[in-house]
Amino acid sequence: MKEYDHLSIEKKWQKEWEKKKVYKTLNTSKKKKYYVLDMFPYPSGVGLHVGHPKGYIGSDVFARFKRMQGFNVLHPMGYDAFGLPAEQYALEHHIHPRKAVLENVKAFEAQLNKIGFSYDWERRVNTTDPEFYRWTQWIFLKIYNSWYNQKTNKAEPIEKLIKIFEKSGNVGVNAAGTFTSEFVAKEWNEKIEKEKQDILMNYRLAYEGYSEVNWSPVLGTVLANDEVVDGPTGPVSERGGYPVVKKEMRQWFLRITAYADRLAKGLDTLNWSDHIKEIQKNWIGKSVGAEIDFKIKDGQNIRIFTTRPDTIFGVTYLVLAPEHPALLNLKSKIRNWDAVSSYINKTKLITPEERMDSKEKTGVILRGIVAINPANGEEIPVWIADYVLVNYGTGAIMAVPAHDERDLEFAQKYILPFNEVIIEVFGDILKEPIRRDVVKAIIVRNNKVLLVKENNEQYSLPGGSYELGESDLSALSREIREETEYKNFKIKDYLGSVERFYRKDMKNNTGENRVRRIAGYLVEITNEEKEKIQHDGWITETKWFDMKEAIEVLKKTDYNAEALFIKKILENNHCFVSEGILVNSGKFNGFSSEEAKIKITKEVGGKIVTKYKIRDAIFARQRYWGEPIPLVHTKDGIIKPLGDKSLPLKLPDVKSYEPTGTGDSPLAGVKEWMKKGLETNTMPGWAGSSWYYLAYMTQGISNFQFPIFKNNTKAKRTKEAIQYWKNVDMYVGGQEHATGHLLYSRFWHKVLKDYNLVPTEEPFQTLRNQGMILGEDNRKMGKRWGNGVNPDDVVKYYGADTLRVYEMFMGPFESSLPWSTDNIIGSRRFLDKVWRLQEKVVTKKMSRTVLDISTNTKLEALLHKTIKKVGDDINNFAFNTAVSSMMILANEMEKQEEIKQAHFEMFLKVLNPFAPHMTEEIWKFLGNKTLLVNEKWPKADPKKMLELEVKIVIQVNGKVRADCMIILNTLENDVIEMVKTLPDVEKWLLGKEIKKVIYIPNRLVNLVIF
RNA sequence: GCCCGAGUGGUGGAAUUGGUAUACACGCAAGACUUAAAAUUUUGUGACCGUAAGGUCAUGUGGGUUCGAUUCCCACCUCGGGCACCA
């Protein structure tokens, strides 16, 4: 047997596969399609470390497995080379980014190819290739020339909207956007072109706007929120750690908010990890609430947004964001305008970060302004405060200190009234409550709470029912005096009310259903008071408890109301923010929050609306290295899109591509460019990655063609290709893209779907996230800590197959785990072992000894079980256990004198996706003329998995006491009788009576004795 | 603060629907081969008590349900991730 020389074997087979084009994928096949995709990398130039290929190895194992299972597998790779990282690299090394990208791609690909991936390289894409970005630009124009019709719930051509305007104005139009004023057809038709275009800009899915953005003076560019991280002295850029400040700038935006609902709903149909879905869901931030108008006395309405219209009777003031537009109209009426305007200016000066960091709430009352609560006609003050954000909801809120922590904090600071309107309920909610109100005193001394033990073994606290016409306080004082002998007590605080439901005793049919409202008060007594409690002699014992302890005791005795009150004292927070039952709410008293929300909104003339946290995406960079935005600014100030025939709008060659530092893109310095009036912003890094998975579907980007011209064969073929591949079936990549790429590409895909350019609603059906490989020091691997491990070195020393097996064996695919140079040897030893097994392989004719039938069937059973397990595990991305089961099989095979060739070949097939080179070599050595990569996945035969004998465990009282072998499927009674006679079991049964026997067939017997 | 996820040997980790906890691998120890080393290989390896047979205790902590709990329920602790004045 020759030596396992991984270097020559791997080189040989990589050449052979390339020569025979075994990974070339055709778009026509009788086989079922399967699309396995990796998130494509940006070729950074510093080279790969062993962490980078982990995801690629996982998807490659999966793709090879699917291929062997008989699928037509699309498994491509390409490069995301536009954007900041590529440009930064070029700037640092003083070479043109185009050149840098080409060099880096070459180096990158050389490294990848050593690991033996099964990519169809003919489909390679590069986002910086004009043939590629021509379509990025084309899709952008499609988005630009669209508006979102909320009646049909999809994007539609802007021409259609113009026709509607010409015919009937915008009155009946329900479009996504912020445009509020109305016009009729006549008004529209009389407008000049510039005015029309300005209005349309409010409807387009790609629109120009001005906004405060993250401006990095050093990088000379604007950054997206997810490119900014917290630094020690404020926000800094994620890349480079340069300081970031706020700056108002002209921007392009994509109206992703129009798709918020579809993006949220679509998540339910996806086979993604709950974790990623959760992140996207939070990011979209859907919440259903009501918009309600509060009338300003002698003035206009203020529209507020709230998710809790059921608390409207508890409103004690209104708050507007300092930037709220209504302030201008109110200006003349505001008597303290000086104070108000200085507060507004102050808010403008501080950054949003500072605004969020400052824990103390601030605000100014608007003197002279009075609002009217539409629910009860009450007059309430209006404030401005920076804890209300202008760009969420309506920029104004109704404040309910009793049921919102932020409002409470504000109300406490400025001494504003507190009005409780919701109380908590235990048990069921009765439609028509029958109340028996009680009041409870939580008596404390030195932070200890007094618990009173009644005869019926329950703990209680002093308290009782009201007498006719009594207020809370007088009833409480009376009850305390009656039940205790305390004279020196102080009612310190109101703890809120709760409602408790008591069902009548159905069994004995006694009592009645009733609801009790329990009001809680904190009562403090002085140390001098003696512990005297007396009440008709039914109290047997009193005790002072530590507060936490008291809660536990009360919970056990079902006195939840008291426990809740004590918890409130401990947390020093009397704000009940959950839903409950309405009180102090006029005719809505007794309603549940859920019911009241709808009824009250209707009553006050409000509207149920849905709001989202997600913001429109900024789609512009003031940089050179990005796709040019194909728009022209005319002299009249109108923006016009380029025609399809003018695409691609190529990035011009410039001498200096460094940022100008003024905020303008380097394109603003190109004469030719400016003469044509072309847009100077370029697209952000995520543009190309939002549709690249479609580009792979045709064989080479030069064959890609969206249907621009009718009857174009290229366009027809592209359409067929997209219809065939549909969407990505398995997508593998890092979870850091949860709120970026993965959201944006879903958005673009949905726009394309609205134009029937793609057949599915979602681009990525299943998503798997690989964990990182950390350095041996448990820190992030890379240049920063100098702990990077180069895959080239590992491939050279141990081989690509060992690298592949080890990275899959390390642990669960999704976990981040440290690299270990100690542990990798185990994977190499495993492959060495498999290599040596060749020697034991015999064909039928060659058999030197008579194979022991029983050990042979045993091995066969293990083999078939392993085939099944490896297949199942790969499907579940549980590669680590797949490898481990193959190790068990190899260990077992090693113990055999001889291995049947057919058995060993089946083993090679299941190992092939993990170690393609070595298995291919052995396959050939065994005399096969075909290539192993083209072989079919072996079938696991369930009949052959069964073993004649199985081990069962015998437990006595649930503890394992013995085990023994039985013939498969022995009858229950026979097993139990036999098991009782085992010496290890018998001694435990001696003199005891068996109460119960639990029998799990072929697994376990549990004898229960006493 | 709120919302997710996770805590298992010296280490990475495994365990189907509640049914032998610690598979597989690394490391370590002892033996074989060797002049020697490396490589390979054999055996052992959760903790404690015991010469042994055997027993007791162990899946972050404390309770509960069950014949039986890493798995289900409750409370708490620690770590990781996401969001963070979103009304």
Side-chain angles (χ1 to χ4, degrees), chain A residues 273-283 285-287 289-290 304-308 311 319 321 352 355-359 361 385-389 391-400 403-407 409-410 548 551-552 555 573 577 611-615 735-736 738-739 805-806 809-812 814-827 829-830 832-833 836 869 872 878 880-891 894 951-963 984 987 994-1001 1003-1010:
Chain A
S273 71
D274 291 341
H275 180 64
I276 297 279
K277 285 200 212 177
E278 186 77 18
I279 294 174
Q280 285 209 353
K281 215 171 147 186
N282 288 343
W283 187 265
K286 181 177 177 172
S287 62
I304 60 94
F305 174 70
T306 179
T307 54
R308 295 298 302 274
T311 62
V319 189
R355 185 162 159 179
M356 283 176 204
D357 282 351
S358 65
K359 278 168 196 155
K361 289 200 168 33
D386 67 1
Y387 81 93
V388 174
L389 306 174
N391 49 6
Y392 182 79
T394 58
I397 62 152
M398 60 180 214
V400 187
H403 304 292
D404 184 284
E405 285 179 25
R406 294 151 301 183
D407 296 340
E409 203 186 312
F410 192 77
K548 273 189 184 164
I551 292 175
E552 292 305 310
K555 270 186 183 165
N573 175 11
V577 296
K611 299 279 174 189
Y612 301 91
K613 280 196 240 178
I614 191 170
R615 302 283 148 79
Q735 60 163 31
E736 66 273 19
T739 56
V805 169
Y806 174 61
F809 180 63
M810 284 173 81
E814 309 80 29
S815 306
S816 290
L817 297 164
W819 179 262
S820 164
T821 32
D822 281 340
N823 286 355
I824 193 170
I825 189 68
S827 298
R829 281 183 195 151
F830 164 61
D832 281 338
K833 198 176 281 178
R836 285 197 307 272
K869 177 148 178 66
D872 291 349
N880 56 331
T881 48
V883 174
S884 126
S885 66
M886 287 187 288
M887 284 173 169
I888 293 169
L889 180 63
N891 289 345
E894 204 187 24
K951 193 164 107 178
I952 61 160
V953 192
I954 302 98
Q955 297 182 334
V956 179
N957 280 353
K959 285 195 176 169
V960 181
R961 297 302 180 186
D963 56 48
D984 280 345
K987 69 179 186 194
I994 296 176
K995 284 267 157 79
K996 200 174 170 189
V997 179
I998 284 109
Y999 179 68
I1000 311 290
R1003 270 206 129 140
L1004 169 141
V1005 179
N1006 188 7
L1007 304 168
V1008 185
I1009 58 170
F1010 289 101

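Values reported hereafter were calculated over all heavy atoms of this structure, with side chains retained and with hydrogens, waters and symmetry mates removed.
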Is any side-chain heavy atom of [X] less than 4.5 Å from a side-chain heavy atom of [Y]?
X        : Y        : result
A:Phe830 : A:Tyr806 : no
A:Asp404 : A:Ile397 : no
A:Thr311 : A:Met398 : yes

**Fill in**
With sugar-phosphate taken as primed atoms, P, OP1 and OP2 and all else as base, the protein-contact string of nucleotides 7-15 of chain B at under 4.0 Å (heavy atoms; B, S, -) is -----BSS-
**Message:** Does the protein touch nucleotides 37-49 of chain B at the base, only the backbone, or not at all? Give it as B, S and - per nucleotide, heavy atoms under 4.0 Å.
**Reply:** ---SS--------
How many whole angstroms separate atom [atom1] of [X] from atom [atom2] of [N]?
X         : N     : atom1 : atom2 : result
A:Asp386  : B:A84 : CG    : P     : 17 Å
A:Met887  : B:A23 : CE    : P     : 14 Å
A:Ile1000 : B:U66 : CD1   : C1'   : 13 Å
A:Asp822  : B:C24 : CG    : P     : 20 Å
A:Ile276  : B:G81 : CD1   : C1'   : 10 Å

Could you check which nucleotide pairs with [N] in any of the strands shown, counting Watson-Crick or G-U wobble with both distances under 3.5 Å?
N     : value
B:G7  : B:C77
B:U56 : B:A47
B:C24 : B:G12
B:A37 : none

**Message:** Parallel, tilted or perpendicular, judged at 30° and 60°: which one describes the rings of A:Tyr387 and A:Phe410?
**Reply:**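 Rings of A:Tyr387 and A:Phe410: tilted, as their planes differ by 30° to 60°.
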Proximity to the side chain of [X] - top-ranked nucleotide from [options]:
X        : options             : value
A:Lys987 : B:G54, B:C67, B:A23 : B:G54
A:Val953 : B:U20, B:A87, B:A23 : B:U20
A:His275 : B:C26, B:G81, B:G19 : B:G81
A:Tyr392 : B:U20, B:C24, B:A87 : B:A87
A:Val960 : B:A23, B:A87, B:A21 : B:A21
A:Arg961 : B:C83, B:G55, B:A87 : B:G55
A:Gln735 : B:G82, B:U56, B:G81 : B:G81
A:Ile888 : B:C24, B:A87, B:C4  : B:C24

**Partner set under ring-ring contact (aromatic ring centres under 6.0 Å, His included) for A:Phe809, not counting sequence neighbours** =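 Testing A:Phe809 for ring-ring contact (aromatic ring centres under 6.0 Å, His included), a comparison that skips the adjacent residues, returns none.
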**Sugar-phosphate, base or nothing in reach of A:Asp274, heavy atoms under 4.0 Å** =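 A:Asp274: no heavy atom of the nucleic acid under 4.0 Å.
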**Message:** Tell me whether the count of non-hydrogen atoms from other residues, nucleotides or ligands lying under 6.0 Å of CG in A:Asp274 goes above 12.
**Reply:**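 Result for CG/A:Asp274: open.
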**Prompt:** Quick one: does A:Arg961's side chain have a donor or acceptor within less than 3.5 Å of a partner on A:Lys987's backbone?
**Reply:**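 Looks like no, no N/O pair under 3.5 Å.
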**Asked** Where does B:G62 land, syn or anti, once you apply the within-90°-of-0 test for syn?
**Response**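 Anti, since the glycosidic angle lies more than 90° from 0.
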**Request:** Tell me which of A:Asn391 and A:Lys951 sits closer to the 5' end of RNA chain B, going by the nucleotide each one is nearest to.
**Result:**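 With A:Asn391 and A:Lys951 compared, the 5'-side residue is A:Lys951.
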**Item:** Heavy-atom closest pair, residues A:Ala399 and A:Asp407
**Value:**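 The pair with the smallest heavy-atom distance is CA-OD2, 3.3 Å.
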**Prompt:** Between B:C57 and A:Lys959, is there an OP1 or OP2 to side-chain N/O distance shorter than 4.0 Å?
**Reply:**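 For B:C57, OP1 or OP2 has a side-chain N or O of A:Lys959 closer than 4.0 Å.
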**Request:** For B:A87, take OP1 and OP2 only and decide whether either is under 4.0 Å from a side-chain N or O of A:Tyr387.
**Result:**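 Checking B:A87 against A:Tyr387, no side-chain N or O comes under 4.0 Å of OP1 or OP2.
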